[in-house]
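Values reported hereafter were calculated over all heavy atoms of this structure, with side chains retained and with hydrogens, waters and symmetry mates removed.
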Amino acid sequence: MLRAIRFGNASVARQWVAQCDESELEAAELACIHYDRPIRIREIAKQLPEVEQPQDMPDLSIDFCGIHCENPFFLASSAVCTNYDMVARAFEAGWAGVFYKTICLEEIKEVSPRFDVVYRDGAHGDFTSLRNMEQLSENPVEEDFDILKRLKQNYPNKVVVASIMGNTEEQWIALAKMTEEAGVDAVELNFSCPQMRIAGMGSDVGQNPELVLFYTAYVKNSINIPVIPKMTPNISHINEPAMAAFYAKADAISAINTIKSVTMTADSSVSEKKTISGLSGRAVKPIALRHILEMAQNQFLGKRIELSGIGGIETWRDALEFIQLGCRNVQVCTAVMQYGNRIIDDLKLGLQNYMAGRGINNIDELVGEELPSFVKPSDLDRTTIVYPMIDREQCIGCGRCYISCMDGGHQAITFDGRKPQIVGSKCVGCHLCRLVCPTGAIHSSKRVNIIRNGNKTAT
């Protein structure tokens with residue numbers, strides 16, 4: 001129940017405890033880890049709505065690069081899929097596929113420690129982003145390809161994608177051929193790892209459209225399975241390497257990899273030294289969505305290339321946003337590292353309930369549906385305004401909106417020490433007050449036309 005609430009399924013969370021009696025719920029409360037306060041499971045359960053699950057839930061299956069996927073949820077090429085047992089457990093849990101951890105022909109030596117996080121509100125265990133210095137698979141190449149072969153043999157209905165990285169034309173071709181011989185469904189080309197210790201690999205390639213073009217073409221011409229280049233976000237215009245991949249006849253593009261970053265905590269240093277490395281987690285999602293949008297809007301010769309979305313996906317709503325911008329599957333890493341494979345239950349259930357609520361039976365109907373909503377800044381409506389509106393019954397008089405408007409807005413709120421009031425002649429409709437309100441007491445009113453006279457705005 002608590003997991004369902006945490007991952008965006010509060011409306012159906014009660015079903016998980018519907019058969020529990022009072023004593024069982026009390027025992028669960030005692031068993032829970034109490035970080036800084038008791039977890040009142042019985043109290044929470046009483047507040048949850050009683051909702052009946054639809055008898056026939058929508059189908060989550062979707063085709064990607066001509067490959068049938070039971071649902072759009074995949075493990076991303078990373079620490080969450082480094083051996084057979086890890087991937088097998090994920091498949092058993094319900095994940096549709098895996099982009100296996102990147103394989104290369106170079107010797108990989110990792111550092112310790114290799115992770116650092118930015119905690120939410122300073123609370124240990126709950127972080128908004130994770131910085132990692134991990135590179136590629138440390139397994140012998142032959143072992144990794146044997147793992148891929150066994151995964152596909154033992155789970156024929158799951159989608160197994162190999163991720164590879166070369167340093168020369170010969171390495172890319174050799175790895176691609178080994179991939180196809182392993183019997184996997186597709187191959188991802190890692191042009192994006194931000195912390196390779198060897199120059200000319202990872203994001204060094206992804207920032208160079210010419211190299212993306214050539215290496216993609218080399219691989220595409222040497223094998224017959226789908227080829228999926230993985231783009232780096234550490235670039236100003238992601239469409240340039242993406243277009244190069246398209247002209248090399250890539251079957252799809254996956255994006256994004258981690259964002260180059262720095263954290264300063266002493267306990268993340270390696271022998272008292274620090275470095276730049278990749279950031280992931282929920283904090284990077286808006287940046288990932290921006291890159292996905294730019295590629296989805298760029299119709300290459302009138303054709304939209306298929307997309308696999310990565311970056312900050314934790315709940316089903318996160319996944320939905322990537323799908324609505326044109327992705328046909330999504331890849332998850334950091335959320336699995338933090339919460340485990342079990343989040344797949346809430347990813348699937350949440351998306352199915354959303355589709356059922358809208359009367360959608362095929363996930364294809366969601367792919368790219370939000371693209372028409374996005375325009376250039378110059379095309380946004382600047383002739384109307386939406387004023388914020390304070391619900392005085394819900395307002396607790398904390399003064400947060402007043403302080404933010406005075407010191408970070410347009411001084412359009414007065415406060416008598418008990419309740420705030422919006423000054424319409426000064427309000428510009430920025431909605432900072434609504435965003436900082438801790439109780440949700442500030443709402444949007446209807447949109448109205450405005451008349452501008454010099455620097456003044458009037459309705």
Side-chain angles (χ1 to χ4, degrees), residues 3-4 6-9 57-65 67-102 130 137 144 147-163 182-188 226 228 230 252 254-255 257 280-282 285 288 306-323 327-355 363 366-367:
R3 188 191 70 204
R6 171 66 181 80
F7 290 99
N9 291 315
M57 295 293 278
D59 182 17
L60 292 181
S61 65
I62 189 170
D63 289 346
F64 175 69
C65 293
I67 306 164
H68 189 68
C69 313
E70 65 183 71
N71 63 60
F73 302 112
F74 283 57
L75 295 180
S77 178
S78 65
V80 301
C81 46
T82 62
N83 58 57
Y84 178 90
D85 290 338
M86 290 182 79
V87 180
R89 286 198 306 272
F91 284 169
E92 296 288 348
W95 292 85
V98 61
F99 285 71
Y100 189 76
K101 191 168 185 181
T102 303
L130 177 143
S137 175
D144 275 330
I147 289 171
L148 292 170
K149 184 177 182 179
R150 288 190 290 128
L151 284 169
K152 193 58 193 175
Q153 288 175 342
N154 296 337
Y155 296 92
N157 295 324
K158 300 292 185 177
V159 181
V160 179
V161 182
S163 179
V184 300
D185 296 287
V187 60
E188 180 185 72
I228 308 166
K230 186 174 184 177
S254 57
N257 208 319
S280 63
R282 69 185 82 150
K285 185 183 73 169
E306 291 190 17
L307 298 171
S308 177
I310 319 163
I313 297 167
E314 188 170 292
T315 70
W316 67 267
R317 287 190 180 90
D318 300 327
L320 174 65
E321 291 173 3
F322 280 82
I323 293 168
C327 295
R328 299 190 67 80
N329 68 32
V330 294
Q331 301 178 39
V332 183
C333 165
T334 306
V336 173
M337 294 176 73
Q338 191 170 8
Y339 302 108
N341 285 321
R342 61 184 183 168
I343 66 171
I344 187 62
D345 293 335
D346 291 292
L347 290 170
K348 293 194 298 183
L349 179 62
L351 188 55
Q352 283 180 313
N353 276 302
Y354 172 81
M355 292 170 64
I363 201 169
L366 297 174
V367 177

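In terms of modelled atom types and a separation under 3.5 Å, the side chain of D185 and the main chain of V161 share no donor-acceptor contact. In terms of modelled atom types and a separation under 3.5 Å, the side chain of S77 and the main chain of T102 share a donor-acceptor contact. Between the side chain of W95 and the main chain of I344, no donor-acceptor pair closer than 3.5 Å is present. Proximity of a side-chain donor or acceptor of E188 to a complementary backbone N or O of I228 within less than 3.5 Å is not detected. When atom types are taken as modelled, the side chain of N71 and the backbone of L60 share no donor-acceptor pair closer than 3.5 angstrom. Using a distance-only test at 3.5 Å, with no hydrogens or angles considered, no donor-acceptor pair links the side chain of K152 to the main chain of G183.
Between L347 and V330, every side-chain heavy-atom pair lies at or beyond the 4.5 Å cut-off. In this structure, I62 and V367 have side chains that are in contact, with non-hydrogen atoms separated by less than 4.5 Å. Side-chain atoms of Q338 and R282, non-hydrogen and from C-beta on, do get closer than 4.5 Å to each other. Between T315 and D346, every side-chain heavy-atom pair lies at or beyond the 4.5 Å cut-off. Residues V159 and F74 form a side-chain contact, since some pair of their non-hydrogen atoms from C-beta on lies under 4.5 Å apart. Contact of the I310 side chain with the C333 side chain is not registered, since no non-hydrogen atoms from C-beta on lie closer than 4.5 Å. Residues V336 and N341 have side chains in contact (heavy-atom distance under 4.5 Å, counting atoms from C-beta outward).
Between F322 and G311, the closest heavy-atom pair is CZ-O, 3.3 Å. Closest of all the heavy-atom pairs between G281 and T334 is N-OG1, 3.5 Å. Across all their heavy atoms, L75 and C81 have their closest contact at CD1-CB, 4.3 Å. T82 and Y100 get closest at one heavy-atom pair: O-OH, 3.0 Å. Scanning both residues, L151 and F91, for their nearest heavy atoms gives CD2-CE1, 4.3 Å. Here the shortest heavy-atom pairing between L366 and Y354 reads CD2-CE2, 4.0 Å.
Of the inter-residue distances, the one linking Q331 atom CD with N257 atom CG reads 9.5 Å to the nearest 0.5 angstrom. For the atom pair OH (Y84) and OH (Y155), the distance works out to 4.5 Å, reported to the nearest 0.5 Å. From F64, atom CZ reaches atom OG of S308 across 4.5 Å, with rounding to the nearest 0.5 Å. Interatomic distance, M86 CE to I147 CD1, rounded to the nearest 0.5 Å: 11.0 Å. Taking CG of N83 as the reference point, atom NZ of K101 lies at 10.0 Å (rounded to 0.5 Å). Put simply, CD on E70 and NZ on K348 are 6.5 Å apart, with the number rounded to the nearest 0.5 Å.
A salt bridge links E314 with R6; the closest basic N to acidic carboxylate O contact falls under 4.0 Å. Between D63 and R328 no salt bridge is recorded (no basic side-chain N to carboxylate O distance below 4.0 Å).
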>> For K158 and V87: C-alpha separation, side-chain torsions, deciding distance, then whether side chain to side chain contact (heavy atoms under 4.5 Å, CB included) applies.
In response: CA-CA 11 Å; K158 300 292 185 177; V87 180; over 6 Å; no
